[in-house]
Amino acid sequence: QVQLVESGGGLVQAGDSLRLSCAASGRTFRNYAMGWFRQAPGKEREFVAAISRSGGNTHYADSVKGRFTISRDNAKNTMSLQMNSLKPEDTAVYYCAANYIVMEFTAAGYAYWGQGTQVTVSS
């Protein structure tokens, strides 16, 4: 298994930027595809972005394309989500997730999850 811890959430205003980080345990981080999801109160967990094991392939939800960038540093066992031009509708708890080898695009496709970090965007 892999243990994940998110950080970097906070309260920002519309148009601001925020960078989320996910720290992973172990020396086999490079063997896991990673993803970011978000969940607002009363709504289902929503796919945000995913990145392959090497970082060479990425995929984004249409709602964040052009604004968010997912990246990873396998030497440091970390993954990040750079969020620019934030909107009130981006408000949610953001979760990082890991899955062995295979990059997935739904919550059901990921085996390991962090505890979440709150992002609140005011207007």
Going hydrophobic residue to hydrophobic residue with side-chain gaps under 4.5 angstrom, can you get from [X] over to [Y]?
X	Y	answer
V64	V12	yes
M103	F37	yes
F105	Y32	no
Y110	L20	no
I51	Y112	yes

Could you give all pairs that pass the salt bridge (charged side-chain N to carboxylate O under 4.0 Å, His left out) test and reach residues 99-123, with sequence neighbours left out?
none

Listing request: all salt bridge (charged side-chain N to carboxylate O under 4.0 Å, His left out) pairs with a residue in residues 4-19, at least two apart in sequence or in separate chains.
none

How long is the straight-line distance from [atom2] of [Y] back to [atom1] of [X], given to the nearest 0.5 Å?
X	Y	atom1	atom2	result
T117	L81	OG1	CG	11.0 Å
L86	S122	CG	OG	10.5 Å
M34	S52	CE	OG	12.0 Å
D62	F47	CG	CZ	10.0 Å

Result block: side-chain N/O donor-acceptor pairs under 3.5 angstrom for residues 93-100, not counting sequence neighbours:
| unit_1 | atom_1 | unit_2 | atom_2 | d |
| --- | --- | --- | --- | --- |
| Y94 | OH | R38 | NH1 | 2.9 |
| Y94 | OH | D90 | O | 2.6 |
| N99 | OD1 | A111 | N | 3.4 |
| N99 | ND2 | V102 | O | 3.3 |
| N99 | ND2 | G109 | O | 3.3 |

Could you list the residues that satisfy side-chain hydrogen bond (donor to acceptor under 3.5 Å, both in side chains) with [X], not counting sequence neighbours?
X	result
S17	N84
Q39	R45
R53	none

With side chain to side chain contact (heavy atoms under 4.5 Å, CB included) as the criterion, how do S123 and Q13 come out once you've worked through the C-alpha distance, each side chain's angles and the decisive distance to 0.1 Å?
CA-CA 6 Å; S123 59; Q13 294 189 358; over 6 Å; no

Run the side chain to side chain contact (heavy atoms under 4.5 Å, CB included) check on S21 and T78 step by step: do they pass?
CA-CA 7 Å; S21 295; T78 58; 5.9 Å; no

Return yes when atom NZ of K65 has more than 12 non-hydrogen atoms of other residues, nucleotides or ligands closer than 6.0 Å, and no otherwise.
yes

Heavy-atom side-chain contact between S63 and E46 under 4.5 Å
yes

Could you tell me whether the side chain of V5 reaches within less than 4.5 Å of the side chain of Q115, counting heavy atoms only?
yes

Polar side-chain atom of T91 near backbone of V121 as donor-acceptor pair, under 3.5 Å
yes

I'd like to know if the side chain of S85 reaches the main chain of R67, judged simply by a donor and an acceptor atom lying under 3.5 Å from each other, with no hydrogens or angles considered.
no

When every non-hydrogen atom of L4 is compared with those of A24, the smallest separation belongs to CD2-CB, 3.7 Å

Looking only at side chains, do Q118 and T120 share a donor and an acceptor under 3.5 Å apart?
yes

Hey, mind stepping through W36 and I70 against side chain to side chain contact (heavy atoms under 4.5 Å, CB included) and telling me if it holds?
CA-CA 8 Å; W36 285 99; I70 188 171; 3.6 Å; yes

